[in-house]
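Everything on this sheet refers to the single structure shown next.
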Amino acid sequence: RLVGVVGQPDTGVGPTSLPGVRTPGLPNHGATRAVGQSRNVSPRADAVSRAMATQRDHVHDPRSSLPLPRTVIALGWVSLLTDAASDMIYPLVPAFLLSLGGGAEALGWLEGIAELIAALLKLGSGRISDRWKRRKPLIALGYGISALARPFYALAMIPLHAVLIRAGDRVGKGLRGPARDAMVADAVPAADRGNAFGFHRMMDNFGGVLGFLRTSSVAFLAACAAL
C-alpha cells in the first residue's frame, strides 16, 4: 500500500496536492495554479494594493510622524496669545454688566447674539476660504477684528455697548476659524492631521488657562491692596 501511494501521480486531489506544500520529487499542480492566478492580477490593482499597504504601514508606524511644520506651530502660538487675552476679560463680563446696570437678561443676550453671529459667519467664511484658496487674509482679518474690539470695553456706558463689543469679538472668531483649520489641514499629510490639530487645541486651551490665571492674580492683588 505504501508503494502504491508513493508511486501515484499527483492529480490535484488528496493529501499530496495541498496548495503551498511542495512534496520532494512530485509536481504540485495546486501551487502552480495559485501562482498562475497571482500573475493574472492587473498592474493597476497591484499598484493600488501596494499603495494601500504603504499607507497602512505609515499610519500604524509611530516612527513615521514628521515634525510639525512652522505654519502649525505659528498658528498654535497665535491662538494661545489670543485666547489668553480673551479669557482675561471673559470672567469679568458678568460683574461688568452689573456695573452698567444690566443683569442676567443682558448676559443672556450678550452670549446668545455673539455665538449666533460666530456660527453664521463660520459657514460663510469656510465657503469663501475654499473658493479663494487663500487662507491667510481671512485669518489675519479675524484675529485683527477680535484684537481691536476688546479695548472698547473701557468705553462701554450701557449694557448694549458690551453686547455689541462681544458680538464684534465673535465676528473675528467666525471669520478666522474655518480658514485656520483648513490651513492646519493643508500644512500636514493626512496621517499627521490628528497630531497637528491636537497641538493646536492644546495651545488654544492653554491660552485660556493662562488668561484666567492672570485675571485671578490681578483680582487677588487688588483685593489684598484694598485691605
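These numbers come from a predicted model, not from an experiment.
In this structure, R166 and Y90 have side chains that are in contact, with non-hydrogen atoms separated by less than 4.5 Å. In this structure, L110 and E105 have side chains that are not in contact, with every pair of non-hydrogen atoms separated by 4.5 Å or more. Within the 4.5 Å cutoff, no side-chain heavy atoms of I128 are placed close to those of R131. Counting only heavy atoms from C-beta outward, the side chains of M183 and I139 approach each other to under 4.5 Å.
For CZ of F96, the number of neighbouring non-hydrogen atoms (other residues, nucleotides, ligands) closer than 6.0 Å is greater than 12. Surrounding OH of Y153 are more than 12 heavy atoms belonging to other residues, nucleotides or ligands, all under 6.0 Å away. More than 12 heavy-atom neighbours from other residues, nucleotides or ligands sit within 6.0 angstrom of CZ on F197.
Minimum heavy-atom separation, F199 to G76: CE2-CA, 4.3 Å. Across all non-hydrogen atoms, the minimal contact from L97 to A162 is CD2-CB, 3.7 Å. The minimum heavy-atom distance linking P178 with G126 is given by the pair CB-CA, 3.7 Å. Taking each heavy atom of G211 and M88 in turn, the nearest pair found is O-CG, 3.5 Å. Of all heavy-atom pairs between L100 and A156, the closest is CD2-O, 3.8 Å. Smallest separation of non-hydrogen atoms from P69 and A187: CG-O, 3.5 Å.
In terms of hydrophobic clustering, with Ile, Leu, Val, Met, Phe, Trp and Tyr side chains grouped at heavy-atom distances under 4.5 Å, V209 and L92 are assigned to different clusters. Follow the hydrophobic side-chain contacts under 4.5 Å out from V218 and you never reach I89; the two are in separate clusters. Using a 4.5 Å cut-off between side-chain heavy atoms of Ile, Leu, Val, Met, Phe, Trp and Tyr, with links allowed through other members, L81 and M202 fall into the same hydrophobic cluster. Tracing side-chain contacts under 4.5 Å through hydrophobic residues (I, L, V, M, F, W, Y), one reaches F206 starting from V184; they form part of the same cluster. When hydrophobic clusters are built by joining Ile, Leu, Val, Met, Phe, Trp and Tyr residues whose side-chain heavy atoms come closer than 4.5 Å, directly or via intermediates, W109 is not grouped with L116.
Among the candidates N205, L80, T215, D83, the single residue satisfying the side-chain contact (heavy atoms from CB on, under 4.5 Å) test with L210 is L80.
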Walk me through it: do R180 and Y143 pass the test side-chain contact (heavy atoms from CB on, under 4.5 Å)? CA-CA 10 Å; R180 181 197 60 203; Y143 280 117; 3.5 Å; yes
Any chance you could lay out the side-chain contact (heavy atoms from CB on, under 4.5 Å) test for I145 and L175, step after step, and finish with the verdict? CA-CA 9 Å; I145 290 175; L175 288 175; 3.7 Å; yes
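Rounding to the nearest 0.5 angstrom, the gap separating the OG atom in S125 from the CH2 atom in W132 is 10.5 Å. Summarising the geometry, atom CG belonging to L155 is positioned 7.0 Å from atom CD1 belonging to I165; distances are rounded to the nearest 0.5 Å. The CG atom of L123 sits 8.0 Å away from the CG atom of L120 when rounded to the nearest 0.5 Å. With values rounded to the nearest 0.5 angstrom, I113 atom CD1 is found 8.0 Å from L164 atom CG. To the nearest 0.5 Å, atom CG of residue D192 and atom CG of residue L68 are 7.5 Å apart. Interatomic distance, K173 NZ to T82 OG1, rounded to the nearest 0.5 Å: 9.5 Å.
Salt bridge status for R135 with D186: present, with a side-chain N to carboxylate O gap under 4.0 Å. Ion pair R127/D130 not flagged as a salt bridge, since none of the NZ, NE, NH1 or NH2 atoms sits closer than 4.0 Å to an Asp/Glu carboxylate oxygen.
Counting only N and O atoms by type, the side chains of S146 and R176 include a donor and acceptor under 3.5 Å apart.
The closest donor-acceptor contact from the side chain of S79 to the backbone of L75 lies under 3.5 Å.
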